[in-house]
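Down below is the structure, laid out as structure tokens.
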Amino acid sequence: MLGLLLRILPFWVREPLLIVVGAVFGVRIAYLAVHDEEPVAAGIALVFLVFTAVRVRTVVRALRARRKPEPVDGGGGGDSAGGGGSAGGGDRTDRADGRDGVAASAAHQSEPQAAPAPPAAPVAPAVPEKEPNAWGQAVAAVAVFAAIGFALWFGPRILPSEDAAPANGVSCPDLEEEPPSAYRDTPGAVTGDVLCRALNRPDLAGLLGTPGETATAASGDNGTAPLTDGKVAQPEAEVTFDTYTVNVSATYNDLTIAQYVKLLETGGQRDHQPLSVLGRPAVFSSDHTMRISIDLANGASGGPVEQGPLARTLTVALDREDRGGSYDITVWSESGGLPEDGVLLGIAEEVLPAVAGPAG
């Protein structure tokens, strides 16, 4: 359709449109090429600009040819030149013409008179061929080029690409396996998928205080609590950045926050700090992570369990009444540095409502 439209458009409609389209796309692609440092885009922009320059030269030449006056053809010079030469023989020519006229009249009288020719049928006036409406063609061309330009310019912004990466760099994997029976036996239990989607937020790096970073990994798991024979659901999710790693887990047991604080005090935990988060009992605590080395060269055999970097954990009750069970938000880094406790509070206030709702 575009090719047909370009063929039927008048010259003074088609060429300005091509110049406008070529200039707009050439400048836009050139800007993107400079901004993104893409040599291929720079080459495409150069093609558009050269094409536009050629069309401009064509229009300029057509304007010059249109303004140049056409030469006027002369045909009467021969008659005036020969007039004087034939004046001297005028008498002889008149006498010869007289004799020829007499002979022709005698011959005409001797011939029989022909019947008069019938009158010719009236000829219908020719209907002028209707020319295409130039204004309609111009409007149609502008509409087509505007639609193409809109689709090319705004299409990638309106329609997301199938292989476009998420805003925070990674996406949560799909857990295709059926969760253990402990999840079906626990009312309101969430899965690792739900935790991962709630944690893997576009603004998570900003909440951690590292807004310029992008997540490098995200995972979820439908596990169960250790030493419970698979009867206590304990889903978890984890998102990794260059600086910090964040882990969120939920434990659906009967242990209350008050009982957990007593366990921390019994175990000699000195830096625990009870508080309230979203109207629920909570407590801060610190502990070292565990590091397990796996030797892939020797049949993926596990190595010794080592002490990992220090981690800071915010444990929040599942509900306001503290009837048992909790969420754990843990942050650590390979360098051993930890963020302020306010960072964990900010993550909890954003993630937990997405998991269990504002009321919990």
Side-chain angles (χ1 to χ4, degrees), residues 156 159-208 210-226 228 230-252 289-296 299-303 305 308-309 311-316 318 325-334 339 343-344 346-357:
L159 302 176
S161 177
E162 294 181 357
D163 56 351
N168 49 344
V170 295
S171 59
C172 295
D174 295 329
L175 301 180
E176 299 179 356
E177 296 182 359
E178 188 72 17
S181 59
Y183 288 80
R184 296 189 297 270
D185 299 337
T186 304
V190 299
T191 61
D193 287 325
V194 175
L195 289 179
C196 188
R197 288 194 296 269
L199 179 62
N200 192 25
R201 302 166 50 90
D203 60 348
L204 183 58
L207 294 174
L208 288 168
T210 57
E213 293 188 2
T214 302
T216 58
S219 62
D221 181 65
N222 294 327
T224 56
T228 62
K231 296 180 180 180
V232 176
Q234 191 180 57
E236 65 176 333
E238 188 171 291
V239 177
T240 303
F241 293 87
D242 292 336
T243 302
Y244 296 113
T245 298
V246 187
N247 181 282
V248 174
S249 64
T251 304
Y252 297 94
T289 60
M290 292 185 297
R291 179 180 293 146
I292 302 176
S293 300
I294 299 177
D295 190 357
L296 298 177
S301 61
V305 178
R312 189 67 168 166
T313 300
L314 174 61
T315 304
V316 184
L318 292 179
S326 61
Y327 296 106
D328 287 334
I329 300 176
T330 305
V331 178
W332 72 90
S333 67
E334 293 297 329
V343 171
L344 278 76
I347 295 175
E349 291 172 354
E350 296 292 339
V351 172
L352 296 187
V355 175

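No experiment lies behind these values; they were computed from the predicted model shown. When reading the values below, keep in mind they use all heavy atoms of this one structure, side chains included, and skip hydrogens, waters and symmetry mates.
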Taking only distance into account, with no hydrogens and no angle test, what donor-acceptor pairs under 3.5 Å do side-chain atoms of residues 177-191 form with protein atoms, sequence neighbours excluded?
residue	atom	partner	partner atom	Å
Tyr183	OH	Gly223	N	3.1
Tyr183	OH	Gly223	O	2.7
Thr186	OG1	Ala182	O	2.7

Exercise. Do Val246 and Trp332 pass the side-chain contact (heavy atoms from CB on, under 4.5 Å) test, and can you show the C-alpha distance, the side-chain angles, and the key distance before you say yes or no?
Worked result: CA-CA 7 Å; Val246 187; Trp332 72 90; over 6 Å; no
Problem set entry | For Arg312, salt bridge (Lys or Arg N to Asp or Glu O under 4.0 Å) partners two or more places apart | Asp271, Asp341
Exercise. Considering all heavy atoms of both residues, which atom of Pro353 and which atom of Ala348 are nearest to each other, and what is their separation?
Worked result: CD-O, 3.6 Å
Exercise. Do Pro339 and Val331 come close enough that some side-chain heavy atom pair is under 4.5 Å?
Worked result: yes
Exercise. Can you list the residues that meet the side chain to side chain donor-acceptor pair (under 3.5 Å) rule with Glu350, with sequence neighbours excluded?
Worked result: Arg201
Seminar exercise, completed: Closest heavy-atom pair, Ala311 versus Thr330, reported as atoms and distance to 0.1 Å, is CB-CG2, 3.7 Å
Seminar exercise, completed: side-chain contact (heavy atoms from CB on, under 4.5 Å) filter on Val248, not counting sequence neighbours, yields Leu195, Leu199, Ile329
Identify all side-chain donor-acceptor contacts of residues 231-242 below 3.5 Å with residues at least two apart in sequence or on another chain.
residue	atom	partner	partner atom	Å
Gln234	NE2	Thr251	OG1	2.9
Glu236	OE1	Asn247	ND2	3.1
Glu238	OE1	Asn247	ND2	3.1

Seminar exercise, completed: Between Ala218 and Ser171, the two heavy atoms sitting closest are CB-O, 4.1 Å
Exercise. Do Leu204 and Ile347 have side chains that get closer than 4.5 Å, going by heavy atoms?
Worked result: yes
For this session: State the OG-CG distance between Ser249 and Asp221, to the nearest 0.5 angstrom.
Result: 10.5 Å
For this session: May I ask you to test the Thr216-Val170 pair for a side-chain heavy-atom distance under 4.5 Å?
Result: no
For this session: Could you tell me which non-hydrogen atom of Leu208 sits nearest to which non-hydrogen atom of Tyr244, and how far apart they are?
Result: O-CE1, 3.9 Å
Problem set entry | With Thr315 via side chain to side chain donor-acceptor pair (under 3.5 Å) - residues at least two apart | Asp328
